[in-house]
2 protein chains.
Amino acid sequence: MPASAGVRRRGAVRSEEARIAVLGATGRLFATQGYDHLTIEGIAAEAGVSKQTIYRWWSSKSAVVADALIEDKLLPDHPVVPDTGDIRADLIAWMQSLIDLVAQPGNDGLVRSLVAAACESPDIGTRLNDALGITATVSTRIEAAVAAGQLPADLPVMEFVRALVGGFVLHSLERSEPAPDIAERLVRALLH
Amino acid sequence: MPASAGVRRRGAVRSEEARIAVLGATGRLFATQGYDHLTIEGIAAEAGVSKQTIYRWWSSKSAVVADALIEDKLLPDHPVVPDTGDIRADLIAWMQSLIDLVAQPGNDGLVRSLVAAACESPDIGTRLNDALGITATVSTRIEAAVAAGQLPADLPVMEFVRALVGGFVLHSLERSEPAPDIAERLVRALLH
DNA sequence: TTAACTGGACGCACCGTTGCGAATTACCGG
DNA sequence: CCGGTAATTCGCAACGGTGCGTCCAGTTAA
């Protein structure tokens, strides 16, 4: 009798090795080529796996990317918001580290790729938030500032975070020359 | 002798008719299918034009889209920021009309398509700003508010606009249930 | 004469699907 | 306990379809 309540399955079991290989290959190709040049056939080749194995378990390119995102195969470590008690300085420092991150060579198209992926699939958009933890880490810091009386109690935290991140995203998409004080200006636009 | 200083060209001249047809077809297909399902072959067929004619004058899909954007073939009329003297109310009204615009049936994927296009081509991102006039119309209103003393004199206007629009974009990408007071909350996140 | 146009064809890449043989794993009757 | 059978996985290979970007031939217009 099966230990679990699930119906007993018959036949070969899913290859964990193949699953890992696919997600790893997706991460590597995503990093080097970006989202839009990512292909199922390319992933299959890189992973040393048959195309059918991918189609059996994932419904689309965006589904694979979403899973790779969850398993942290896609992104380098992302900065967390510091908490020195000075909300403005903390946000500026965090924003600056974000900007430095995407300014590193090899990360040119990172934001672009992530946004493109989010455009294609509703899942990715929401999972991006969860996986990156951006919303979580920033909003807890904001709420702490609200509790400390540094920000008004009725501040719509969710929308504040969205405006902050959205400003960063638009800035990245414009690919303009990065003004050195852009982090400070962006935060000051929100905290005046 | 040619009137202009340019070297006299021989042979047929570029067909303005074909150019207009291409940009018009691009606008129609963009509206109905969105950016990512837009194809050169589809545009050629819709415009009643040979594929070669498109490739002769534009280098890529994004180039065609960028040109269509410039000629105002892509977007419905976009709202302008009112000026009642109350900056907060004006911004909320404007943001609400933006939200209503993309909430209309048929405009579901509009923001998504525009952002996807902006991801693919640097031109489109910057031209989007110019063509929509978003940056211009909002920032003049903001500057008026600054002049009226309703906003601090050292407010980074550019970044303020980016945060506002960016918040709207991220909200659109998430495709979540649109909270009825989202416009008011977004503006309040910036103006507290 | 020269350049732009149409129409059609090409090879290439990738899509998403299907069929096949081989391997793996549970069940079931002897 | 053992061997057969059914179910399910895998890899390999092919299919038709679509769009890409290019090229060529023939026609039309300055």
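To find a chain, count down the sequence lines: A is the first, B the second, and so on, and within it residues start at 1.
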Whole-Å distance, Ile40(A) CD1 to dC15(C) P, equals 6 Å

When rounded to whole Å, the CZ to C1' distance for the pair Arg19(A) and dC10(D) reads 17 Å

Between NZ of Lys51(B) and P of dA4(C) the distance, given in whole Å, is 19 Å

Do the side chain of Thr53(A) and the main chain of Val49(A) share a donor and acceptor less than 3.5 angstrom apart?
no

Assert: residue with more 5' nearest nucleotide on DNA chain C, out of Glu41(B) and Ala18(B), is Ala18(B)

note: Ile43(A), atom CD1; dA13(C), atom P; distance rounded to Å ~ 18 Å

Check your understanding: Does a side-chain N or O from Arg9(A) land closer than 4.0 Å to OP1 or OP2 of dT25(C), or not?
Key -> no

Whole-Å distance, Arg10(B) CZ to dT2(C) P, equals 5 Å

With the side chain defined as heavy atoms from C-beta on, Tyr55(B) is closest, among dC20(D), dG19(C), dC10(D), to dC20(D)

Arg56(A) atom CZ is separated from dC20(C) atom C1', nearest whole Å, by 13 Å

request  = Determine the interplanar angle of the Phe160(A) and His192(B) rings, folded into 0 to 90°, and report it as parallel if under 30°, tilted if 30 to 60°, perpendicular if over 60°.
outcome  = tilted

Arg14(A) atom CZ is separated from dT8(D) atom P, nearest whole Å, by 15 Å

- Query: Is there a side-chain contact between Leu114(A) and Ile124(A), using heavy atoms and a 4.5 Å cut-off?
  - Reply: no

Spell out yes or no: do the side chain of Gln52(A) and the base of dT18(C) have one donor N/O and one acceptor N/O closer than 3.5 Å?
yes

Picking from dC10(D), dT17(C), dT6(C), the nucleotide nearest the side-chain atoms of Thr53(B) would be dT6(C)

Practice item. Check the pair Lys73(A) / Phe30(A) against side chain to side chain contact (heavy atoms under 4.5 Å, CB included), numbers first and verdict last. Key: CA-CA 9 Å; Lys73(A) 303 289 186 190; Phe30(A) 184 93; over 6 Å; no

N or O in side chain of Ser50(A) less than 4.0 angstrom from dA13(D) OP1/OP2: no

| said: Under 4.0 Å from OP1 or OP2 of dC5(C): is there any side-chain N or O of Trp57(B) that close? | reply: yes

Item checked: Pair Asp100(A)-Gln96(A), side-chain donor/acceptor within less than 3.5 Å -> yes

To the nearest angstrom, the NE2-C1' distance between His37(B) and dC15(C) comes to 12 Å

